[in-house]
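Accompanying notes for the structure given below.
Numbers here are sequence positions counted from 1.
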Amino acid sequence: MDIENIVLDKSEVRRYSGYKEKFKIIEELEEKIDVLIDEVKKKARVKYIYDVFDVKVDESKIEFSNIVFESKSLAKNLDTCHKVIILAVTLGNEIDALIRRYSSLDSTSMVFVQAIAAEYLEKIIDEVEKEVVSNSSERIYIKPRFSPGYGDFDISYQKDFIRLLNTPKKIGISITNSGMLTPTKSVTAIIGITNTDFRAKNKCSSCNSSNCEFREN
């Protein structure tokens with residue numbers, strides 16, 4: 001995977017940062033975003049791990065690798081899927097430190113660094129998906145990714161992802177008692193693999209959280 005050449009979508013950075021309109025251009029802020037993107041990329045210590053498992057989906061139950069999850073929204077998302085990707089990605093403690101530094105120096109920069117980190121994680125996961133597709137011996141399609149805490153997929157399941165991938169040892173991601181990941185700019189996800197062609201309108205189409213501030217129409 002070519003992490004160094006990942007290009008971030010600035011319209012998504014604007015959206016994550018709370019622009020009223022994600023395509024709105026403000027020259028001064030655009031220059032700040034460009035500088036901060038470079039800084040985040042230089043400081044990030046990207047690590048990721050994933051594995052692919054056979055999956056069984058039955059109404060609201062999802063079962064793989066001797067783990068059973070309960071989630072109607074995830075089960076709906078994984079309809080027709082025969083395999084799932086389980087992954088974890090982190091940008092490292094350096095990005096947490098960068099956010100802390102800007103929190104006391106420049107609140108606008110802090111918000112943008114948070115947004116850039118979110119977009120960076122998304123783009124890394126995109127690359128993982130491409131890698132899985134390219135390595136497959138059959139024609140497959142990737143369903144929208146789903147993370148603990150989305151819809152009715154309880155955040156408590158985060159611990160199962162951490163244990164299954166052994167992230168504390170392999171890439172340095174740990175979990176707090178409340179189910180939050182450390183470093184904070186980390187993410188886990190489950191992604192369905194299907195042989196059935198489909199066309200999701202966008203990555204939010206399978207999530208029931210209609211009041212999410214980041215939801216796309």
Legend entry - is_close_aromatic(Tyr157, Phe161), centroid dist under 6.0 Å: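 No, the ring centres sit 6.0 Å or more apart.
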Inset, instruction - Begin from the C-alpha positions of Asp79 and Lys143 and carry the test salt bridge (charged side-chain N to carboxylate O under 4.0 Å, His left out) through to its verdict. - result: CA-CA 9 Å; Asp79 182 41; Lys143 286 290 192 81; 5.7 Å; no
Inset, instruction - Could you walk me through whether Ile124 and Leu91 pass the side chain to side chain contact (heavy atoms under 4.5 Å, CB included) test, one step at a time? - result: CA-CA 10 Å; Ile124 294 166; Leu91 301 184; 3.8 Å; yes
Do [X] and [Y] have side-chain heavy atoms sitting under 4.5 Å apart?
X	Y	answer
Thr90	Val187	no
Val57	Cys81	no
Phe153	Lys72	no
Thr194	Ile142	no
Ser109	Leu36	yes
Asp96	Arg100	yes

Report the distance from atom [atom1] of [X] to atom [atom2] of [Y], rounding to the nearest 0.5 Å.
X	Y	atom1	atom2	answer
Tyr141	Ser136	OH	OG	11.0 Å
Asn77	Ile191	CG	CD1	10.0 Å
Glu30	Asp34	CD	CG	7.0 Å
Phe64	Ile190	CZ	CD1	4.5 Å

Inset, instruction - In plain terms, say whether Glu59 and Lys76 are close enough for a salt bridge, that is, a side-chain N and a carboxylate O under 4.0 Å apart. - result: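 Salt bridge between Glu59 and Lys76, a charged N being under 4.0 Å from a carboxylate O: no.
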Inset, instruction - Could you tell me whether Arg145 and Glu129 make a salt bridge, using a distance below 4.0 angstrom between a side-chain N and a carboxylate O? - result: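 Salt bridge present between Arg145 and Glu129.
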Inset, instruction - Dump the intermediate steps for side chain to side chain contact (heavy atoms under 4.5 Å, CB included) on Glu119 and Glu122, then the final yes or no. - result: CA-CA 5 Å; Glu119 170 63 1; Glu122 288 291 306; 4.2 Å; yes
Inset, instruction - Could you tell me whether a side-chain N or O of Asn195 sits under 3.5 Å from a main-chain N or O of Arg139, the two making a donor and an acceptor? - result: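 Such a contact is found between Asn195 side chain and Arg139 backbone.
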Report all side-chain donor-acceptor pairs from residues 39-54 shorter than 3.5 Å, counting only partners two or more places apart or in another chain.
{"residue": "Glu39", "atom": "OE1", "partner": "Tyr102", "partner atom": "OH", "Å": "2.7"}
{"residue": "Glu39", "atom": "OE2", "partner": "Arg101", "partner atom": "NH2", "Å": "2.8"}
{"residue": "Lys41", "atom": "NZ", "partner": "Ile6", "partner atom": "O", "Å": "2.2"}
{"residue": "Arg45", "atom": "NH1", "partner": "Lys42", "partner atom": "O", "Å": "3.0"}
{"residue": "Arg45", "atom": "NH1", "partner": "Lys43", "partner atom": "O", "Å": "3.0"}
{"residue": "Tyr50", "atom": "OH", "partner": "Glu131", "partner atom": "OE2", "Å": "2.5"}
{"residue": "Asp54", "atom": "OD1", "partner": "Lys83", "partner atom": "NZ", "Å": "2.6"}

[X], [Y]: one ILVMFWY side-chain cluster at the under-4.5 Å cut-off?
X	Y	value
Ile85	Val133	yes
Ile155	Phe146	no
Met180	Tyr150	no

Legend entry - Glu28 and Lys32: CA distance, side-chain angles, deciding distance, salt bridge (charged side-chain N to carboxylate O under 4.0 Å, His left out) verdict: CA-CA 7 Å; Glu28 180 181 353; Lys32 184 185 286 286; over 6 Å; no
Inset, instruction - Examine the side chains of Gln158 and Thr188 and answer whether a donor and an acceptor come within less than 3.5 Å of each other. - result: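 Side chains of Gln158 and Thr188: pair found under 3.5 Å.
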Inset, instruction - Determine, stepwise, if the pair Glu94 / Lys185 fulfils side chain to side chain contact (heavy atoms under 4.5 Å, CB included). - result: CA-CA 10 Å; Glu94 292 78 3; Lys185 291 310 169 188; over 6 Å; no
Legend entry - Neighbour count >12 (heavy atoms, 6.0 Å) for atom CG, Asn66: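 At most 12 heavy atoms, drawn from other residues, nucleotides or ligands, come within 6.0 Å of this atom.
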Inset, instruction - Please say whether more than 12 non-hydrogen atoms of neighbouring residues, nucleotides or ligands are located less than 6.0 Å from NZ in Lys159. - result: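 Yes - once you tally the heavy atoms of other residues, nucleotides and ligands closer than 6.0 Å, there are more than 12.
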Legend entry - All salt bridge (Lys or Arg N to Asp or Glu O under 4.0 Å) counterparts of Asp160, not counting sequence neighbours: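 So Asp160 forms a salt bridge (Lys or Arg N to Asp or Glu O under 4.0 Å) with Arg163.
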Enumerate, atom names and distances included, each donor-acceptor pair closer than 3.5 Å involving a side-chain atom of residues 165-175, sequence neighbours excluded.
{"residue": "Thr167", "atom": "OG1", "partner": "Ile173", "partner atom": "O", "Å": "2.8"}

Legend entry - Test log, rule side chain to side chain contact (heavy atoms under 4.5 Å, CB included), inputs Ile193 and His82: CA-CA 6 Å; Ile193 299 175; His82 61 292; 4.0 Å; yes
Legend entry - Minimal non-hydrogen separation, Ser71 against Leu74, with atom names: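 Closest approach of Ser71 to Leu74, heavy atoms only: OG-N, 3.0 Å.
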